There are 2 protein chains.
Amino acid sequence: MDAGAPKFRRRKADRPAEIVSAALAVFAEKGFAAAKLDDIARRAGVSKGAVYLYFETKEDVFRAVVGQAIAPNVAIVKAMAAAHPGPLADLLRGVSAHVARIVSMTPLGGVLKMVVGEAGNFPEIARVWHDELVSQALGAMAVAIEAAQARGEVKPGDSRIYALQLIAPLLVAVLHRETFEPVGATPFDLQAVMAQHIDTLLCGLLMEGART
Amino acid sequence: MDAGAPKFRRRKADRPAEIVSAALAVFAEKGFAAAKLDDIARRAGVSKGAVYLYFETKEDVFRAVVGQAIAPNVAIVKAMAAAHPGPLADLLRGVSAHVARIVSMTPLGGVLKMVVGEAGNFPEIARVWHDELVSQALGAMAVAIEAAQARGEVKPGDSRIYALQLIAPLLVAVLHRETFEPVGATPFDLQAVMAQHIDTLLCGLLMEGART
DNA sequence: GCGAAATAACTGACTGATCAGTTATTAATA
DNA sequence: TATTAATAACTGATCAGTCAGTTATTTCGC
């Protein structure tokens, strides 16, 4: 042991973010109940006691992790909600590529898995995710689709279901990755899935005259 | 208390099924870790000790629950795999309606939620689900789609992704039901989702000449 | 500048509750 | 009465949360 090396640093400002980041990794791997606070603390490079300087309870840490994953995505929702005048095809292509990229490069998939798995035990978290993310995103897409229907661009049909059809393959591909790739499943390429899906769907969605 | 009433019945043959059924309900509600064996036993109308007469461990009970949900569905997979000569549209409509009905009326959705949530902690279960259900179903659909492509009935494209596109809205609708309906989300009607989805998708999937 | 005193970030051993799994005992049935 | 399904009280391991003490850092007197 180097006697001169300090046992720890005092870095109050950075700790919460480091703990949340470590917790995300552990929660995503183990789920809420099976995640040990000692593991989270060790991965964050602090003792368990330090975690309790910044968070009240384990649930509190979980809330912070799940909540943090919403914020950057509300922006996307807003971008989608922004009344897009042009042809729906452009909007869908743009949005889907963007979302696919986000989901590929962030741990959002792991958070999604956690929310699905723990929704029963944490209704409050399920509610936040639904109200601030799921409901918003579905609603915004539905509005855009209804506008396109009003313009005579899109066939009649339930706009909320159209929105579901649009996003579903991406979500399933992500859950497939999180759930089955670790046990040897052949991966889906998210970009490829969305590209092919938009092409197929547009063909069935647009009125004959509106095909690009 | 009725002194004449027996404290319990000896019904060795029926117990395992009753315990698995009770366990399904508790696991689906709480997840694996948060489910208490005392709760499962109480719901099954027996003591905890009785559970251990029929199952080695809690994991064993979980395996039984998840495995049981596969068996009836492998039949569906086989039915789909059975070389269907006719137009793809008929096959898809039939299969999707069937699957939607099954998922509506059985606790398969709850099991799906459990598998997603606990896959990290039980790779073996994730593997069984993947190898016996997910991989089989995707493969069978892909084969049917490739056959239709060879007949010149379906447009070129990745058949495995086509299969994913086909089933994804149903899965997402089910997870939406399991995860967000308890906190006030507007439900999706599974039959309606599949009906509209197949209509939309077929339009983008089929060659111009093959439209029914 | 330069120790010494004050502050507070941080540690890690401890505690109390929970719960999977065990076992000594009871009671239903053949 | 013999057999064994079933019970209920028990045990031991685990882990969230606590707290008395330790150490890095800041501040102040000189």
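Remember, predicted model here, so these are calculated numbers, not experimental data.
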Check: Sequence neighbours excluded, which residues qualify as salt bridge (charged side-chain N to carboxylate O under 4.0 Å, His left out) partners of A:Glu59?
Finding: A:Arg63

Checklist line | Pairs flagged by ring-ring contact (aromatic ring centres under 6.0 Å, His included) wherever residues 89-119 of chain A is involved - sequence neighbours left out | finding: none

Notebook entry, point to check: Going by number, which of residues 18-28 of chain A have a non-hydrogen atom under 4.0 Å from DNA chain D?
Noted result: none

Next item on the list: Check each residue of residues 30-61 of chain A for a non-hydrogen atom within less than 4.0 Å of any atom in DNA chain C, then write out the ones that pass by number, or none.
Entry: A:Val46, A:Ser47, A:Gly49, A:Ala50, A:Leu53, A:Tyr54

Margin query: Test of understanding: with salt bridge (charged side-chain N to carboxylate O under 4.0 Å, His left out), list the residues that count as partners of B:Asp158, not counting sequence neighbours.
Written below: none

Next item on the list: Taking ring-ring contact (aromatic ring centres under 6.0 Å, His included) as the test, write out the residues that go with A:Tyr54, two or more places apart.
Entry: none

Notebook entry, point to check: With sequence neighbours left out, what residues match B:Tyr162 under ring-ring contact (aromatic ring centres under 6.0 Å, His included)?
Noted result: none

Next item on the list: Encode nucleotides 25-30 of chain C as B, S and - characters from 5' to 3', where the letter depends on protein heavy atoms closer than 4.0 Å: B to the base, S only to sugar-phosphate, - to neither.
Entry: --SBS-

Item checked: Contacts of type ring-ring contact (aromatic ring centres under 6.0 Å, His included), residue B:His130, not counting sequence neighbours -> A:Phe180

Margin query: Checking A:Phe122 now: which residues fulfil ring-ring contact (aromatic ring centres under 6.0 Å, His included) with it, not counting sequence neighbours?
Written below: A:Phe32, A:Phe62

Item checked: Residue pairs passing the salt bridge (Lys or Arg N to Asp or Glu O under 4.0 Å) test where at least one lies in residues 164-188 of chain B, sequence neighbours excluded -> none

Next item on the list: Using side chain to side chain contact (heavy atoms under 4.5 Å, CB included) as the criterion, list what pairs up with B:Ala97, not counting sequence neighbours.
Entry: B:Arg101

Notebook entry, point to check: Do you know the tightest heavy-atom contact between B:Met194 and B:Leu166?
Noted result: CE-O, 3.7 Å

